[in-house]
Amino acid sequence: MADFRALKITNDNDGVRRSVETLPIESLPDHDVLIRVKYSSLNYKDCLSATGNKGVTRTFPHVPGIDAAGEVVESRDGAWKAGDQVIVTGYDLGMNTWGGFGEYIRVPANWIVACPEGLSLLDAMTLGTAGLTAGLSVQKLLASGVKPEDGAIAVSGATGGVGCIAVALLAKLGFDVSAISGKPDAEAMLTELGAKAILDRSALEPSPKPMLKELWGGAIDTVGGEALNTLIKSTKAGGSVTACGMVAGLGFEASVFPFILRGVNLLGVDSVEIPLKAKAEIWQLFANEWSLSLPESAIQIKSLDELSDVIDAMLSGHNTGRVVVKHADA
Ligand SMILES: NC(=O)c1ccc[n+]([C@@H]2O[C@H](COP(=O)([O-])OP(=O)(O)OC[C@H]3O[C@@H](n4cnc5c(N)ncnc54)[C@H](OP(=O)(O)O)[C@@H]3O)[C@@H](O)[C@H]2O)c1
């Protein structure tokens with residue numbers, strides 16, 4: 001079988017290095033399904049892996065890429081056959097199992113979702129783990145009872161991968177969306193995505209007050225830290241706030257008041273280890289009633305050779321929107 005190209009991360013006594021290399025297919029792990037990856041996408045966790053973060057990737061050399069969409073080449077599991085169009089996100093992909101920044105992956109059969117009719121492989125990776133996470137966040141908000149008439153929904157980190165898809169999806173579902181962003185020059189893109197109001201990130205500065213003015217019917221927080229705390233404190237009675245990210249910090253000092261005096265719900269979101277069925281449900285929604293047409297301004301399509309620069313931009317918080325990785329034969 002052919003060799004394949006991949007973005008390889010080396011982490012040894014000489015430091016952490018990224019290089020695009022041609023690797024033998026035998027270097028992939030011995031799992032049941034071999035997939036020719038057509039598209040991947042860049043998520044924050046890939047950047048951590050690409051900088052040698054041992055909390056994400058313990059063993060190097062490594063090929064990151066927590067997302068992959070492509071075609072099954074061979075399968076030892078009856079659930080899949082050559083030619084099937086499939087999506088793999090999360091579990092151990094791109095963490096300690098070589099991931100979508102290689103032209104091939106070999107994964108367990110139970111990590112794979114069929115790419116639903118109505119969604120192309122490119123569409124799937126335009127959404128990627130970021131879209132799955134945004135979708136799960138919206139699903140949790142809706143399940144908690146939040147409705148458009150409850151008031152505007154705040155989305156933090158709005159120009160990021162999760163944030164921009166959350167803005168577009170909420171707008172499609174009829175919510176007024178207030179996009180909160182640290183990028184003043186992203187106003188046009190956020191408006192195109194469907195944001196009704198755009199607030200500077202300083203709106204989420206920490207406050208010593210245990211509760212703040214009730215502003216939001218709900219919130220989707222993608223940044224964590226004190227920004228999440230400010231969103232909780234300014235959510236209306238009975239509203240809900242989802243938490244999925246940590247780019248702004250891991251912790252915050254909170255009081256119980258928003259929870260016990262306003263009944264605010266804090267909803268955690270994990271898109272990585274959840275059952276495959278829960279992932280498949282979100283992909284089906286995106287293929288049907290949640291179908292999104294994201295503006296071009298929110299999508300960058302990059303080759304493997306262009307990826308390293310975008311990784312640096314994402315790490316410094318300067319990246320905007322979704323980055324799709326297009327492999328050579330896509
Ligand atoms: N729980 C899960 O299963 C799951 C799944 C996917 C992602 N995540 C996490 O969700 C977060 C967002 O992921 P992503 O892929 O959307 O990342 P991303 O594309 O890098 O977006 C993050 C956005 O957060 C904002 N930001 C960056 N640095 C910040 C800072 N220091 N303070 C406040 N805001 C900052 C920026 O948006 P603005 O400039 O617009 O403010 C940035 O674009 C990450 O922490 C990621 O690890 C979790």
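We count ligands from 1, going down the list as the structure has it; atoms in each ligand are counted the same way.
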key: Mutual orientation of the aromatic rings belonging to Tyr104 and Phe4 [parallel < 30°, tilted 30-60°, perpendicular > 60°]   =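 Perpendicular, since the angle between the ring planes exceeds 60°.
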
task = Name the orientation class of the two ring planes belonging to His62 and Phe60 (parallel below 30°, tilted from 30 to 60°, perpendicular beyond 60°).
result =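 If you compare the ring of His62 with that of Phe60, the planes turn out perpendicular.
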
query = So, do Ile35 and Glu71 sit near enough that their side-chain heavy atoms are less than 4.5 Å apart?
reply =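 Not touching, per the 4.5 Å side-chain cut-off.
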
request  = Check whether any side-chain heavy atom of Gln139 lies under 4.5 Å from a side-chain heavy atom of Leu136, and answer yes or no.
outcome  =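 Yes - at least one pair of side-chain heavy atoms lies under 4.5 Å apart.
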
key: Tyr91 six-ring centre to Lys279 NZ/CZ under 6.0 Å and within 45° of normal   =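 Flagged: Lys279 positioned over aromatic ring of Tyr91.
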
ask   = How would you list, by chain and number, the residues with a heavy atom under 4.0 angstrom from ligand 1?
value =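 Within the 4.0 Å shell of ligand 1, which is judged on heavy atoms, sit Tyr44, Thr129, Thr133, Gly157, Ala158, Thr159, Gly160, Gly161, Val162, Ser181, Gly182, Lys183, Arg201, Thr222, Val223, Cys244, Gly245, Met246, Val247, Ala248, Val269, Asp270, Ser271, Val272, Met314, Asn319.
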
task = Could you walk me through whether Ile220 and Ser156 pass the side-chain contact (heavy atoms from CB on, under 4.5 Å) test, one step at a time?
result = CA-CA 7 Å; Ile220 290 191; Ser156 61; over 6 Å; no

